[in-house]
Every structure is written in C-alpha cells, then in structure tokens.
Amino acid sequence: MRCFTILGPSQAGKTTLLNALSELEGRATAATFTDALSVRQFTYLDEPWAGFDITGGPDYLGQAGEALAASDAAVLCVGPDPQAAVLAAPYLRLVEESGVPCFVFINKMDLTDARIRDIVGALQAYAQHHIILRQAPIRDAEGHVTGAVDLISERAFQYQEGQPSRLVEIPAHVQDREQEARADLLEHLADYDDHLMEELIEDRDPAPEEIYSVLAEAHRDNRVMAAYLGAAGHGNGLTRLMKALRHEAPGMSALGARLGVADPLAIGVAADTKRHVGKSILIRALGTGIQHAAPLAGDTIGNLSGIDGKPVAEPLAPGTLAVAVKSDHLNPGLAYTAQDSTPLPGWTRGRPPAYARLLTPANERDDARLSAALARMAASDPGMETTQDPATGQLLVWLQGPIHLRRVLAKLAEDFGIAAEEHPVSGIYRETITKPVDTHHRHRKQSGGAGQFADVQLTVRPQGRGAGFAFDETVKGGAVPRNYIPAVEAGAQEAMARGPLGFPVVDVAVTLTDGKHHAVDSSDHAFRTAARNGVREALEQAGAVVLQPIDRVDIHVPSVYSGSLVALASSLKGQVLGFEAHPKARGWDVFQALIPAAAKEELFQALGGLSHGTAWFEARFDHYEELHGKEADRVRQARAEELA
C-alpha cells in the first residue's frame with residue numbers, strides 16, 4: 001500500500017478531491033480519525049492506496065506534518081486564484097521541509113478565467129522546487145476551462161460531467177499555447193537528463209516514453225513539483241493526477257531514509273482519546289512482524305484493527321494502516337522499532353504554539369484529572385504543549401489560537417467529562433527599587449519555651465537591569481556569627497518573592513553590615529525571619545517601580561506582508577530590529593522586533609488578520625524595562641485587586 005497526504009488552504013476542495021480519487025474504481029473505506037484527520041483506503045488499477053485528508057487552516061500544520069512523515073507523496077490542493085496563492089505558502093514550506101515528493105492540483109478550474117501561468121507563477125514565489133506545468137487548459141469562447149492537453153503525450157481531453165474525459169483533437173486556438181508550455185516543460189526536465197538535453201539541442205522531438213521516465217525519476221527524487229488542473233467536484237482531471245501518483249510517487253523504501261530512521265517498523269500517524277474507549281493510535285506498518293501482542297517501542301501492542309474497525313490480518317503487510325488500541329505507550333510523531341522509539345524531525349510538529357492560557361477545573365475535585373487529561377491530549381496533539389506557570393503553579397497550556405482553545409475545552413468536556421475554565425496568563429510583571437535604603441530590624445520573641453533573637457543591619461540597593469539578586473556581608477568582629485549568615489541571605493531572598501507592589505522583586509542587592517546575636521536565643525530561623533522582615537521594610541522605602549518583560553520575537557511572514565509589520569510593531573509599543581529573507585523558505589521573511597510580553601496576545605490576533613493566518617512568531621524573553629504613567633498605574637491597580 002502507498003499513502004499520500006492531501007493538504008492545502010481551507011476551501012480548496014481537499015476532501016472533495018480525495019473522495020473523488022478514491023471512488024475512481026468503486027467504493028472506498030473511509031474513517032474520520034480525529035477532528036484534523038480523515039482517511040480513505042481504496043484500490044486503483046489493482047493497487048492499494050490510502051489518502052490522508054488534513055483539515056485546512058494553520059492550526060493543523062502539526063497534524064499535516066505527522067501525516068506527511070508517514071506518506072510516500074503529498075498532493076497540494078489549491079484554488080485557482082493567483083491572489084490567494086499566498087494562502088498555500090505555509091503548506092509549500094512544510095512540504096519542502098519534509099522532503100516528500102509533491103504533486104500540485106489546481107482545483108475548481110470551472111470557477112475561474114485566470115491564466116494557468118499566473119496561478120503557477122504565484123505559487124512559484126513560495127517554492128524552492130520548480131513547479132512544472134503538466135497540462136494546458138482548453139477554454140471555450142467565454143474563457144471557461146472545458147478540458148486539458150497533456151503536455152507530454154500531446155493528447156487533448158474534453159471534460160464530461162461525472163464521467164471520464166473524452167479524447168479529442170487539440171483545438172486550433174490552443175495549439176500555440178500548448179507548444180509554448182510543452183517547450184517550457186521539456187527545457188526544465190532537460191536539466192535532469194543529459195540525453196534529453198542533447199535531443200533538444202539537436203532539435204529532435206523526444207519520445208513521450210522518455211519524457212515520462214525523466215519526469216517520474218525527477219519526481220521520485222523530489223527535484224520538481226508537477227502541477228495538474230481540474231475540478232474535483234465535477235470529476236475532472238482526476239485520472240491524470242491518479243496516474244501520476246501511481247507512476248511517479250516513490251515506494252515506502254524511501255521513507256526511513258527521509259526521516260533519518262534506520263529500518264523503522266512503524267510510524268505513529270495520529271491518536272485520539274475517548275473517555276470510555278481509551279486511546280487509539282493510527283500507525284503505518286513499514287516492516288514485518290507487527291501483530292497483536294508483538295513488541296513495539298519496548299512494549300506489546302494491543303488489539304489491531306483496520307480503519308473500518310474490523311480485525312486485520314496478522315502480521316501487517318508493509319505499508320498497511322492499522323489502529324492500535326490499548327497501546328498507551330504509542331504516540332504520533334514517533335518512528336518505532338521493536339524496542340525503541342525515535343522522535344520524528346522537528347518539521348512534523350508544525351509551528352510552535354504561541355497562545356498561552358491558564359486552565360482550571362470548574363470543579364476542584366477534577367484538578368488531578370484535568371492535568372492528566374491535558375497531558376494525554378498534548379501527547380497526541382503536535383500543536384499543543386503544557387507547562388506549569390512559575391508564578392501561580394497553575395497549569396499553563398500553549399495552543400495555536402482561540403479556535404484551538406475552543407476545541408481543547410470541548411474535547412475535555414466530551415471525551416473526558418471535565419468542565420474547564422480558561423484565564424489569561426497573569427504574573428508576568430516584576431518590580432524593582434530605585435534608591436538604596438539602610439534598615440535595622442530586630443526580631444525578638446519570648447512566649448514560653450526557647451526564645452528567638454536576631455538583630456540585623458542591612459543595606460538594600462538597586463542593581464543594573466538584568467543583574468538579578470545579590471548578597472554579601474561586611475560584618476566585623478563576629479557581631480553575627482558566620483554560621484547565621486546563610487540564614488540571613490535566605491531570608492533576604494525570600495523577601496524578593498513579593499514586593500510592596502505585589503510582584504516578584506528583581507535586580508536588588510542586599511548587604512549585611514552589622515547585627516547582634518544572643519548566645520541562647522539566636523538561631524537560623526530567627527536570623528532568617530529578621531532578614532526577611534528587614535528587607536521587606538526597606539523595599540517599602542526604596543521607591544518601587546513596575547517592570548514589564550520585553551520579548552524578542554521572530555515573526556515568520558510571507559514577504560508580501562513584511563512591510564505592514566512595521567506599523568503593527570509600533571502600534572504595540574514595540575521596537576523594530578529589522579527583517580531579512582528566510583535562508584531556506586522562498587518567499588518568506590523573518591521579521592525581528594522587541595515587543596512587550598503583555599502585547600503578545602494582541603500581536604497574535606493582529607498577525608492572524610494581517611497575514612490571513614499564514615504568519616507566525618516565536619518569542620523569547622529579552623529583558624525587563626520600567627513601566628511608566630497610566631499603564632503602570634493600571635497594572636498596579638489590577639495586581640492589588642488580584643491579591644485582595
């Protein structure tokens with residue numbers, strides 16, 4: 001069995017295309033495995049095939065990557081509008097990163113009068129591979145596409161509604177355009193074959209069989225992309241595409257080498273978790289020996305079934321798809337041998353999640369269940385990560401965006417029976433001081449039993465931005481015994497946890513200058529308490545100010561939108577650092593800026609609208625800077641209300 005992934009922008013007609021391909025020779029076996037992935041198995045000319053259909057939209061690039069990793073070929077399905085070619089840019093970038101041979105299908109040709117060359121040219125702006133046009137359109141007097149000419153065989157086909165196309169003579173008004181397109185095709189293919197180059201130089205017409213062979217080899221070696229056209233909704237252009245897949249898609253022997261995994265037995269394609277059924281994982285078998293209770297990734301496999309739920313023959317034939325249940329040790333995004341698992345390359349995970357939310361259970365008794373459920377979901381969802389918020393200890397979930405968040409909340413309710421609430425991330429601000437303060441604090445307690453006594457004199461002073469916390473001592477004459485000084489440092493550091501404005505304190509130095517002790521009542525606890533309280537008193541007098549975190553963001557954006565990011569960064573009170581062409585992704589820029597961390601959510605929303613969902617960013621903390629004026633007052637007030 002050979003597998004291919006159909007991917008592309010929303011509304012391009014991917015599902016219609018896969019359904020039509022799978023029904024060229026009868027009925028197919030279909031299954032919706034997750035909200036992002038459906039599968040269809042079928043036969044074509046007595047050969048078994050499977051197609052992965054990936055839901056459109058940037059949220060699903062990770063699922064597309066994991067499906068591509070298990071595929072022998074990709075079909076990029078795009079619409080016929082040259083102006084919308086930028087929407088295909090993320091998918092072209094993913095396909096080229098994957099190294100999977102790709103076939104381009106320009107769908108819905110019945111709805112446009114756009115020139116094919118313009119469509120291909122617009123797509124070429126985002127592809128390192130040369131996109132070779134394989135067909136020339138036949139148009140009627142009104143400009144509607146009614147058929148296509150194969151540029152290799154030079155045979156013309158008239159489309160027929162819901163039926164195979166009819167062989168016709170090449171119309172006279174198409175012949176000049178067909179010859180021009182054919183010459184362009186041959187010129188590019190000659191770059192990959194010396195004999196073909198010689199024939200063209202000597203002005204000899206190469207045989208179609210030779211051209212087919214050169215194209216097939218170039219496609220299998222992932223050196224070109226061939227573009228086909230049609231209208232899947234009317235059954236047009238399907239046979240030519242399916243024949244190309246059959247002759248030019250490589251076998252699965254190339255898959256392990258492409259992924260950098262030696263002799264894998266299987267690849268995890270996708271996983272789903274149901275409350276009453278447990279986890280199911282879709283795998284593609286690549287070697288022999290995969291069967292029920294056989295070892296895989298160091299543990300035994302559970303029951304195996306086909307995508308239709310029926311038991312499968314064992315062992316699985318190489319290339320076969322199967323669903324493993326009761327195999328919780330398996331996850332998508334991994335290649336498996338009998339004893340080990342190897343993470344697939346980073347491109348399979350799509351864009352890193354940048355939309356952070358705190359999730360809490362509506363019912364406190366579900367706290368542990370929520371953590372466990374989210375961990376299981378994150379293992380199956382390449383676009384999702386979970387961490388713990390260092391300020392609150394609450395569960396922090398990183399997602400692809402608001403739509404992704406709604407899907408996660410719905411899945412928690414439907415599949416795990418957990419009602420969860422989402423909250424924006426708080427606690428990102430810090431505070432520091434602006435002037436040095438000398439303080440003296442005596443801790444004395446006598447209420448029965450052993451007493452407590454510690455006396456400390458401290459200097460608390462600001463440090464340079466980014467210097468962090470520092471402690472030293474200048475005590476002379478043993479006023480504070482050496483064994484108590486670590487306790488003083490610990491107490492001073494504890495005082496940094498919350499300053500007078502309610503935020504953690506940074507960039508402060510504390511010096512122990514003098515003190516007193518008692519031979520009986522002094523202790524580590526007493527000196528720790530004295531230092532903590534003394535530093536807190538000093539912070540109250542030291543001119544505390546709010547600091548906001550500034551992130552350095554790298555925005556990956558199609559070049560046509562780069563100019564708009566200057567105004568966007570300025571509107572977010574950011575600083576533009578510049579941009580440059582992406583070194584590997586054609587038609588993309590990496591735009592760099594410093595942005596307040598509090599503005600990341602606004603950046604996320606604005607970037608999605610500005611770039612129609614194609615751009616994304618990576619952010620990392622850069623530094624803190626002081627917040628002034630009304631914005632500082634607003635942050636202080638919000639923090640006071642939060643702590644009240």
Side-chain angles (χ1 to χ4, degrees), residues 1-6 29 31 33 37 39-44 47-52 54 63-75 95 97-102 220-222 245-246 248-271 279-307 311-325 327 329-349 380 382:
M1 175 184 286
R2 280 189 287 179
C3 298
F4 61 91
T5 295
I6 291 186
T29 301
F33 198 74
L37 173 71
V39 188
R40 292 182 76 90
Q41 290 184 177
F42 60 98
T43 58
Y44 182 72
E47 293 181 358
W49 288 85
F52 302 126
I54 304 298
Q63 287 86 346
E66 291 179 344
L68 277 175
S71 297
D72 305 307
V75 175
V95 166
E97 287 178 341
S98 74
V100 177
C102 181
R220 283 192 291 267
D221 292 343
N222 191 34
L245 282 167
R246 181 172 181 264
E248 298 168 22
M252 66 177 187
S253 59
L255 198 148
R258 188 168 65 237
L259 298 174
V261 180
D263 301 322
L265 284 178
I267 288 181
V269 181
K279 186 167 83 172
S280 301
I281 180 165
L282 179 66
I283 63 172
R284 187 183 184 200
L286 301 176
T288 59
I290 299 181
Q291 56 188 337
H292 172 66
L296 193 65
D299 205 346
T300 56
I301 311 176
N303 296 327
L304 292 172
S305 66
I307 64 171
V312 296
E314 298 181 4
L316 296 177
T320 303
L321 297 178
V323 178
V325 297
S327 300
H329 67 294
L330 302 180
N331 281 305
L334 297 168
Y336 299 109
T337 63
Q339 298 301 326
D340 298 306
S341 62
T342 302
L344 297 178
W347 57 260
T348 61
R349 299 195 63 82
S380 303

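If you're wondering where the values come from, they're calculated on a predicted model, not measured in any experiment.
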On a heavy-atom basis, which atom in Pro332 and which in Ala271 lie closest, and how many Å separate them?
CD-CB, 3.6 Å
Could you tell me if the side chain of Leu68 sits less than 4.5 Å from the side chain of Trp347, heavy atoms only?
yes
Go through Thr337 and Asp263 one step at a time and tell me if the side chain to side chain contact (heavy atoms under 4.5 Å, CB included) criterion holds.
CA-CA 7 Å; Thr337 63; Asp263 301 322; over 6 Å; no
Here the pair of heavy atoms bringing Ala50 nearest to Leu321 is CB-CD1, 3.6 Å
If I take atom CZ from residue Phe52 and atom CZ from residue Arg284, how far apart are they, to the nearest 0.5 angstrom?
7.0 Å
Which residue, Thr320, Val325, Leu316, forms the side-chain contact (heavy atoms from CB on, under 4.5 Å) with Leu304?
Leu316
Side-chain donor/acceptor of Arg40 to backbone N/O of Gly51, under 3.5 Å:
no
Show, in sequence, the C-alpha distance, side-chain angles and deciding distance for Val261 and Ile267, and conclude whether the side chain to side chain contact (heavy atoms under 4.5 Å, CB included) test is met.
CA-CA 10 Å; Val261 180; Ile267 288 181; over 6 Å; no
Main-chain N/O of Gly302 paired to Ser327 side chain as donor or acceptor, under 3.5 Å
yes
Parallel, tilted or perpendicular: which fits the ring planes of Phe4 and Phe42, with parallel below 30° and perpendicular above 60°?
perpendicular
Flag the pair Gln339 / Pro295 as yes when at least one side-chain heavy-atom distance between them is below 4.5 Å, and no otherwise.
yes
Any donor-acceptor N/O pair, Lys279 side chain to Asn331 backbone, under 3.5 Å
no
Quick one: SG on Cys3 to CE on Met252, what's the gap to the nearest 0.5 Å?
9.5 Å
Write down the atom of Thr300, the atom of Ala293, and the distance for their closest heavy-atom approach.
CG2-O, 3.5 Å
Ala249 backbone acceptor or donor facing Arg2 side chain under 3.5 Å
yes
Output, in order, the C-alpha distance, side-chain angles, deciding distance and verdict of side chain to side chain contact (heavy atoms under 4.5 Å, CB included) for Leu334 and Thr342.
CA-CA 5 Å; Leu334 297 168; Thr342 302; over 6 Å; no
Rounded to the nearest 0.5 angstrom, the OG-CG distance for Ser280 and Leu330 is 11.0 Å
Any heavy-atom pair between the side chains of Leu255 and Asp72 that's under 4.5 Å?
yes
